[in-house]
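Notes follow the structure.
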Amino acid sequence: MHGYRADKVFHELPYPAAALAEARRVLAPGGRVVLVGQDWEALVLDATDVALTRTIVYARASLIPSPRAARRQRGLLLDAGLSAVTAEAHTTVLTGPEALPLLTGLAEGACAAGAITGDQAGAWGAEQRERARTDRLFLAVPMFLAAGTAG
């Protein structure tokens, strides 16, 4: 295999290093690995209640098997013996109503995890809907890209 790409996958795996080890095992010399993912604890969004927002983001992240996998991508590639390892960050900024399903999903997930109440989730979601209606919504999703080459 001359190339391996995992795009927004490693955060869903309980053992990302094992998946990368298997990819590395079948990668031909000179083959390239590219990993892309978001760090679920690094979401940046605007809301009146900062503490509640932090609780929502972290609680939702705790429901994902490896929510911090993206920040570990470079290290995983180095640990797998790849060379010429690079890392980049790109941020997607959403300011319109298309972000509402993600935002309300964060609150619903935090509520399902027992981190916040249904009333808190409802009020927080209502604020985000109002922000979208008045063009005040802000969500930044940092995406991390790491790549390396097999020796």
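No experiment lies behind these values; they were computed from the predicted model shown.
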Let me check something: do [X] and [Y] share a hydrophobic cluster, defined by ILVMFWY side-chain heavy atoms less than 4.5 Å apart, either directly or through other members?
{"X": "Val34", "Y": "Val9", "answer": "no"}
{"X": "Val26", "Y": "Val33", "answer": "yes"}
{"X": "Leu139", "Y": "Tyr58", "answer": "yes"}

* Verify side-chain contact (heavy atoms from CB on, under 4.5 Å) between Leu94 and Leu103, making sure each step is shown before the conclusion. => CA-CA 11 Å; Leu94 304 171; Leu103 293 170; over 6 Å; no

* Kindly write out the residues that satisfy side-chain hydrogen bond (donor to acceptor under 3.5 Å, both in side chains) with Glu127, not counting sequence neighbours, or none if the list is empty. =>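 With neighbours one apart ignored, the set is Thr48, Arg131.
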
* For Asp49, what residues pass the side-chain hydrogen bond (donor to acceptor under 3.5 Å, both in side chains) criterion, not counting sequence neighbours? ->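 Checked Asp49 against side-chain hydrogen bond (donor to acceptor under 3.5 Å, both in side chains); zero matches.
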
If you take all heavy atoms of [X] and [Y], which pair is closest and at what distance?
{"X": "Ala115", "Y": "Ala59", "value": "CB-CB, 3.3 Å"}
{"X": "Thr117", "Y": "Cys111", "value": "C-SG, 3.9 Å"}
{"X": "Gly96", "Y": "Leu137", "value": "O-CD2, 3.7 Å"}
{"X": "Ala132", "Y": "Pro97", "value": "CB-CA, 4.1 Å"}
{"X": "Arg129", "Y": "Thr104", "value": "NH1-CG2, 3.7 Å"}
{"X": "Ala70", "Y": "Gly37", "value": "CB-O, 3.5 Å"}

Does [X] reach the main-chain N or O of [Y] with its side chain, forming a donor-acceptor pair under 3.5 Å?
{"X": "Ser66", "Y": "Ala69", "value": "no"}
{"X": "Gln73", "Y": "Phe144", "value": "yes"}
{"X": "Gln128", "Y": "Asp46", "value": "yes"}
{"X": "Glu22", "Y": "Ala19", "value": "no"}
{"X": "Ser83", "Y": "Thr149", "value": "yes"}

Do [X] and [Y] have side chains that get closer than 4.5 Å, going by heavy atoms?
{"X": "Val36", "Y": "Met143", "value": "yes"}
{"X": "Leu78", "Y": "Leu76", "value": "no"}
{"X": "Val85", "Y": "Leu82", "value": "yes"}
{"X": "Phe10", "Y": "Leu20", "value": "yes"}
{"X": "Phe138", "Y": "Val93", "value": "yes"}
{"X": "Leu145", "Y": "Leu35", "value": "no"}

* Show your reasoning for whether side-chain contact (heavy atoms from CB on, under 4.5 Å) applies to Val141 and Thr91. => CA-CA 5 Å; Val141 181; Thr91 303; 5.9 Å; no

Rounded at 0.5 Å granularity, tell me how far [atom1] in [X] sits from [atom2] in [Y].
{"X": "Trp40", "Y": "Arg60", "atom1": "CH2", "atom2": "CZ", "answer": "5.5 Å"}
{"X": "Arg54", "Y": "Leu52", "atom1": "CZ", "atom2": "CG", "answer": "10.5 Å"}
{"X": "Glu108", "Y": "Ile56", "atom1": "CD", "atom2": "CD1", "answer": "10.5 Å"}
{"X": "Glu130", "Y": "Arg136", "atom1": "CD", "atom2": "CZ", "answer": "10.5 Å"}

* **Arg71/Glu41 ion pair, N-O < 4.0 Å** =>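 Salt bridge between Arg71 and Glu41, a charged N being under 4.0 Å from a carboxylate O: yes.
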
* **Residues Gln38, Leu43; criterion side-chain contact (heavy atoms from CB on, under 4.5 Å); working and verdict** => CA-CA 9 Å; Gln38 67 271 27; Leu43 300 178; 5.6 Å; no

* Asked: Considering residues, nucleotides and ligands other than His2, do more than 12 of their heavy atoms fall under 6.0 Å from its NE2?
  -> no

